[in-house]
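Reviewing the structure listed below.
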Amino acid sequence: SSLQLRPCCLAHSAAHRQWAGLRVSSSTRGFCGLPMSPAPCAEAHEDRGHLLIAQQRSLAEAASLDGALVLWPPERCEFPARRERAVCVVTDLKPILACELVAGQVHVGRSLGAVTISRPAVRDSTVTVIAEDEEGSAFRLVLHYYVAGCSPADLERQLPEGTSLCVKEPFLQPSSMPGGAGVAVCCSNPTNVAVMSAVLEGDDDGDSGGGGGGGGAVPELERLLRGRRFEEAVALAESSLGATDEANGDDGVAARLHALRAEALAGLGRFREAARVLLPLRTHASGARAKQMMQWVKESEQGKYDFLALHTSNAQDAMIRFPCVSFQNAKVAIRHTGDRGDGIFAVDALSAGDLIVGSKADCVLFSSEIVGKEFVKAPGWDGDAGCALLTRRLASQVRCQDGRLDELLRMSRGAHEATTDADEAPMLRLTQVVQANRHVAYKPWEGSPVGTGLWHTASKFNHACDANCSWHTVGDMLFVRCQRDVDAGEELTISYVLPTTEVKERQEYLESHQSFTCRCNLCMTDLAGGPGCEKYLRVEAMIEGSERKSAPDEGKTLKLQAAAFDFLQAPSYCSLHGVQVGHAMDACIAAYKLNRVGEAREWLQRARRAFALHYGEHPGVFELFVRARKVSVLLTI
C-alpha cells in the first residue's frame, strides 16, 4: 500500500544554503559528517514518517531538485516498505547509476535502470517524472516526444507510480538556473525507454501470473531478477527452457531465457555455471558477459584481481565503482570471540603480504554525490548527514532482498549495544550499525578522504593497535592484507586508530567512539612506561620543520626519513608499511639529489618491498605509484 505524506516545509532561502562537501575525520576508521544549514523552516510533520520515502518525496515536491533533504530522527522512522529495485536487465548495455552521469554528455553504450516515485506530468509531448535508480538516488526524468495528445489520466495508466523502466543512453541536461535547478536526466528517443513493469509498493509476494513457458516467462524472470529472487529465477528459467525445447520454440526466446538464467546464477555467486550458460549463445554481448563471469571466478575463488587496471582507473577517478566481487581467503574463518563479537582467525599459517579479504562495498557514499546539497535537521535528529544518507541508500538496497536486512542488523552496533534493545525499530538499528562499522574511502595511495561506506566482511576485523593486518581502499573495493607471518589459530586484526598516536589519545578515542578499552600488547607496554612512540613523533616534527624551509638540507632529510623508516620496522608497527613507503621514497629522493645513486637505489628497493606488503606485489602497480608521485626518474636508477 502506498504511503501518504504531508509536504515538508523546506529551507529554500539562498541565505541558508550551505554548499559543502563530505568531511571525514583523519582517524583510521573515521566518522564523517556534513556541515549543517540552519533550519529556519524545519517544521517537519510529526507523523511517523519513513526516512527514505520522506526524503525522496521531499525531493519530488521540490520539483527542481534544489530543495533541502530532511534528516529524520531514526527512532521515529520505520523501515521503508519493500519494493523492487530499479535494476536494468538490458544485457548489451553497461549499467550506470544516476550519480555517475556527467552533465552535458550522452552516455553511449550505457543504460540507467529506474523506478518512478511520483505521478507523471505531461506538457505537449514531454513527460516529467521523479524516479530513483538502483541505489535509491532520486532524480528528475524528462522524456521528450514520449506521448502525443495523451491525457493525464491515460499517462498515469501507462506510467503509474512504481513503474520500473530502463533508459538507454541517457543524457544529463546541465543546469541553466542558479543553484543547480533544472538538472534532469533526459531522453529524446521514445524507443530508448523500455518499460519493464509497473510495481506497487508492498510485500509483492503474490503470484504475478507471468510464469508460463517460453516467451511468457521472460517478464516474470525479469521481475524476479529485479527483486533479487535468484533461486526462484533459476528454477523458472530451467522449467521454461524445458517447455521451449519440447515445443520447438523460438531460438530468440530460448537465448533470452538462457541469458536471464545466467544472470540469476551470477546473483547466487555461481559465476562458473553462468559463464557456461552464456558461451554457447555465441553473441558479442553474451561473450563479453561470459568473460566478465570468468573474471569473477578468479576474483571470488582465488583473489586474482586485475590490480593494475583497478589502480589505473582509480588514479583517473578516485570515486569509482568497480564491477568486481568479494573474496575471502580460504585460510581464514569468522568465529565468535565472546565479549568482542565476531572476529577473523587464521585456520592455517599465513605469510606477510597474503591477501585476506577483497571486499566489494555493501554501500558507499562518495563526496561528489552530495556536494551542493542542503540538509535540514528535523526535530530530534542529532547525527551527521553522511550517516543519514549512507543509511538511506543502504535501506533502499536491502528492502527487497530477503534476509539481507536481518543479516545487517546482526552486526555490532558498538556503543549502542548497551543503550538500545535488539527489538527497536529496524531503521534505528540500521543507523547504529552504519555508525559503528563504516570505513573511510580514500584517494589513491592513502590520499585524502573521498567518502564513507559499509564493507560487511571488513567490519568483522577486530581492533589492535599492534595489528597484524592493514587495509586500503581502491574505489569501492577494500583490501586487507597480512603484514607479518601469522600462525594458525591467531586472530587477524586491523587498527582503528593510528598506532603512532600517544597511548592516552588512542585509549580516549576508542572508549568514546567504540566503547571499549584496548588491551593489546602495544597499549599495555606503553601504559607500563615503555618507550612508546615519542621518538617517532619527534622525528616527524623535525621532518615537517625541514620541509617548511625554502632550501631543505637533503643530508638531514635523508637521516630523518631513515630514522622514521627504521622505527616502523618494529613488529608492533607492522600495520604501517604503507606509511613506511612514504619515508623510503622521501629518503630515495634525498639520496638521489645528493648524487648518492647506490643509496637511492637501495631506498627504492625498500620502498618496493614495503609497498608489496601493503598493496600487494603486482606487475606495474609500484611503477604507477612512483609516476603518480611525479618522480618517475627514480625508476631509471
Side-chain angles (χ1 to χ4, degrees), residues 91 93-97 100 109-110 262-263 265-267 269-276 278-279 284-331 351 353-362 364 366 439 441-447 450-451 453 455 457-458 469-482 577-578 581 608-629 632 635:
T91 57
L93 297 176
K94 185 178 180 181
I96 191 170
L97 297 171
E100 299 172 327
R110 309 299 293 273
E263 295 301 319
L265 289 169
R270 294 156 61 178
F271 306 119
R272 196 182 298 275
E273 291 180 62
R276 291 189 187 126
L278 290 170
L279 285 173
H284 176 74
S286 63
R289 191 62 171 163
K291 184 178 179 181
Q292 177 71 79
M293 301 286 184
M294 291 310 299
Q295 175 60 32
W296 287 346
V297 170
K298 295 178 182 179
E299 293 173 359
S300 62
E301 295 181 0
Q302 306 168 39
K304 290 187 176 180
Y305 297 88
D306 188 345
F307 283 101
L308 180 59
L310 293 182
H311 284 287
T312 300
S313 299
N314 195 219
Q316 298 168 354
D317 181 6
M319 292 169 276
I320 188 172
R321 291 176 172 84
F322 291 107
C324 297
V325 294
S326 296
F327 161 79
Q328 179 176 312
N329 196 310
K331 294 183 178 181
S351 301
D354 283 354
L355 180 63
I356 306 302
V357 163
S359 185
K360 174 77 171 175
D362 296 83
V364 66
F366 289 121
H439 284 66
Y442 292 97
K443 283 185 177 179
W445 323 121
E446 313 305 317
V450 293
W455 286 266
T457 304
C469 295
S470 69
W471 63 273
H472 69 276
T473 58
V474 184
D476 67 337
M477 294 295 296
L478 186 150
F479 298 98
V480 181
R481 289 184 182 275
C482 250
H577 282 132
V581 175
R608 186 188 293 272
R609 287 193 293 270
F611 184 93
L613 289 171
H614 184 63
Y615 293 102
E617 191 168 4
H618 308 290
V621 176
F622 179 73
E623 288 72 17
L624 185 68
F625 162 74
V626 173
R627 293 188 181 95
R629 293 200 56 171
S632 55
L635 297 174

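Rounded to the nearest 0.5 angstrom, Leu265 CG and Arg276 CZ are separated by 11.0 Å. Atom NZ of Lys291 and atom CG of Leu278 lie 14.5 Å apart (nearest 0.5 Å). Interatomic distance, CG of Asp362 versus OG of Ser326, reported as 7.5 Å (0.5 Å rounding). From Thr473, atom OG1 reaches atom CG of Asn314 across 7.0 Å, with rounding to the nearest 0.5 Å. Interatomic distance, Ser359 OG to His439 NE2, rounded to the nearest 0.5 Å: 9.0 Å. We find the NZ-NZ distance between Lys298 and Lys304 to be 7.5 Å, quoted to the nearest 0.5 Å.
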Query raised in the report: Stepwise, does the side-chain contact (heavy atoms from CB on, under 4.5 Å) test hold for Met319 with Asp317?
Result: CA-CA 5 Å; Met319 292 169 276; Asp317 181 6; 4.0 Å; yes
Report task. Test side-chain contact (heavy atoms from CB on, under 4.5 Å) on Ile96 and Lys94 and set out the steps. Result -> CA-CA 7 Å; Ile96 191 170; Lys94 185 178 180 181; over 6 Å; no
Requested in this report: Go through the steps to decide whether Gln328 and Thr457 satisfy the test side-chain contact (heavy atoms from CB on, under 4.5 Å), and finish with yes or no.
Outcome: CA-CA 8 Å; Gln328 179 176 312; Thr457 304; 3.9 Å; yes
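Residues Leu279 and Ala290 come closest through the heavy atom pair CD2-CB, 3.7 Å. Minimum heavy-atom separation, Val626 to Leu635: CG1-CG, 3.9 Å. The nearest pair of heavy atoms linking Val325 to Met477 is O-CE, 3.9 Å. When all heavy atoms are compared, the tightest approach of Ala441 to Gly475 is CB-O, 4.4 Å. Residues Pro95 and Arg110 share a closest heavy-atom pair of O-NH2, 2.9 Å. Contact between Trp296 and Cys324 at its shortest, heavy atoms only, is NE1-CA, 4.0 Å.
Between Glu263 and Arg289 there is a salt bridge, since at least one side-chain N of the basic residue sits less than 4.0 Å from a carboxylate O of the acidic one. For Glu623 and Arg608, the salt-bridge test passes: some basic side-chain N is under 4.0 Å from an acidic carboxylate O. In this structure, Arg272 pairs ionically with Glu301, as a charged nitrogen and a carboxylate oxygen lie closer than 4.0 Å. Between Arg481 and Asp354 there is no salt bridge, since no side-chain nitrogen of the basic residue lies less than 4.0 Å from a carboxylate oxygen of the acidic one.
With respect to Phe479, the ring pair (Phe, Tyr, Trp, His ring centres under 6.0 Å) criterion is satisfied by exactly one of Tyr615, Trp471, Tyr305: Tyr305. With His311 as the partner, the ring pair (Phe, Tyr, Trp, His ring centres under 6.0 Å) test is satisfied by one option alone out of Phe611, Trp445, Phe322, Phe625: Trp445.
Looking only at side-chain heavy atoms (C-beta outward), Thr312 and Gln316 come within less than 4.5 Å of each other. Residues Phe366 and Arg321 have side chains in contact (heavy-atom distance under 4.5 Å, counting atoms from C-beta outward). Residues Cys482 and Ile356 have side chains in contact (heavy-atom distance under 4.5 Å, counting atoms from C-beta outward).
With hydrogens and angles disregarded, a donor-acceptor distance shorter than 3.5 Å links the side chain of Glu100 to the backbone of Leu97.
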